**Q** 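Just passing along the structure, written as structure tokens.
What you see is a predicted model, and the numbers here were worked out from it, not measured in a lab. Quick note: residue numbers are just sequence positions, from 1.
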Amino acid sequence: MLRSSLAGKPPRAPREPGAPRKPREGTKQETVLAMLRRAEGATIAQICEATGWQQHTVRGFFAGLKKRQGIEVQVLERVRQVGPNKEGSKGSFTIYHLPA
């Protein structure tokens with residue numbers, strides 16, 4: 001007898017068209033959103049460390065938030081460390097934040 005992978009699961013209610021999706025619990029996406037909602041925000045390096053993603057993946061996630069869910073990630077602060085006795089562009093970073 002063949003069993004369906006959906007056997008025993010209750011059917012879920014359909015989502016309203018155009019309504020934003022609710023992220024599943026315990027996912028990397030939920031982790032990133034929680035980090036961005038903090039008062040101090042988060043840097044791409046912090047998000048990469050927490051998720052194991054590469055920098056370009058984090059930036060792509062930001063773009064996807066705007067395109068698919070209409071959530072725009074804002075820049076909270078840009079820290080530029082260039083010039084003498086600084087690390088140059090490697091020491092520079094941007095802190096991102098989601099508006100409340």
Side-chain angles (χ1 to χ4, degrees):
M1 182 169 116
L2 294 175
R3 294 186 136 207
S4 171
S5 63
L6 300 176
K9 287 188 176 183
R12 57 180 180 197
R15 186 170 53 92
E16 286 282 329
R21 294 181 178 179
K22 181 182 176 198
R24 295 179 300 179
E25 294 182 13
T27 63
K28 291 179 182 180
Q29 292 180 7
E30 184 182 69
T31 302
V32 173
L33 291 173
M35 291 177 77
L36 292 172
R37 286 187 181 113
R38 298 183 306 192
E40 67 271 15
T43 65
I44 289 183
Q46 291 171 335
I47 295 170
C48 288
E49 185 177 327
T51 60
W53 290 349
Q54 302 247 339
Q55 291 180 9
H56 65 274
T57 305
V58 175
R59 290 189 192 98
F61 177 73
F62 290 173
L65 281 178
K66 183 175 180 182
K67 183 175 182 180
R68 292 183 193 89
Q69 297 183 11
I71 301 171
E72 188 167 353
V73 179
Q74 296 179 345
V75 173
L76 191 61
E77 181 182 1
R78 282 199 170 117
V79 178
R80 301 288 183 218
Q81 297 185 16
V82 294
N85 301 325
K86 305 271 178 139
E87 296 179 45
S89 63
K90 292 182 182 179
S92 300
F93 58 93
T94 302
I95 301 172
Y96 296 94
H97 178 72
L98 283 180

**Q** Closest approach of Arg80 and Ser92, non-hydrogen atoms and distance?
**A** CA-OG, 3.5 Å

**Q** Run through Thr43, Val75, Ile44 and flag the one making a side-chain contact (heavy atoms from CB on, under 4.5 Å) with Ile95.
**A**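 Option passing the side-chain contact (heavy atoms from CB on, under 4.5 Å) with Ile95: Thr43.
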
**Q** For the pair Glu30 (side chain) and Gly26 (backbone), establish whether a donor and an acceptor sit closer than 3.5 Å, ignoring hydrogens and angles.
**A**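 Yes; at least one donor-acceptor contact below 3.5 Å.
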
**Q** Indicate the atoms forming the closest heavy-atom contact of Thr31 with Ala50, along with that distance.
**A**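 That closest heavy-atom pairing would be CG2-CB, 4.4 Å.
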
**Q** Nearest 0.5 angstrom please: His56 NE2 to Phe61 CZ, how far?
**A**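 Output value for this atom pair is 14.5 Å.
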
**Q** Please identify each residue that fulfils side-chain contact (heavy atoms from CB on, under 4.5 Å) with Thr57, with sequence neighbours left out.
**A**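 By the side-chain contact (heavy atoms from CB on, under 4.5 Å) rule, Thr57 matches Trp53, Gln54.
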
**Q** To the closest 0.5 Å, what do you measure between CG (Leu36) and CG (Leu98)?
**A** 4.5 Å

**Q** In a check of side-chain contact (heavy atoms from CB on, under 4.5 Å) between Ile47 and each of Met35, Arg59, Lys28, Gln55, which one passes?
**A** Met35

**Q** With side chains defined as the heavy atoms from C-beta onward, is the minimum distance between Val58 and Val32 less than 4.5 Å?
**A**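 Answer no - side chains too far apart.
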
**Q** Going from CZ on Phe62 to CD on Gln74, what distance comes out if it is rounded to the nearest 0.5 angstrom?
**A** 12.0 Å

**Q** Keeping to residues at least two apart or across chains, list the salt bridge (Lys or Arg N to Asp or Glu O under 4.0 Å) pairs with something in residues 36-57.
**A**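 The answer is Arg38-Glu40.
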
**Q** Can you tell me how far CZ of Phe93 sits from CZ of Arg78, rounded to the nearest 0.5 angstrom?
**A**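 The CZ atom of Arg78 sits 12.5 Å away from the CZ atom of Phe93.
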
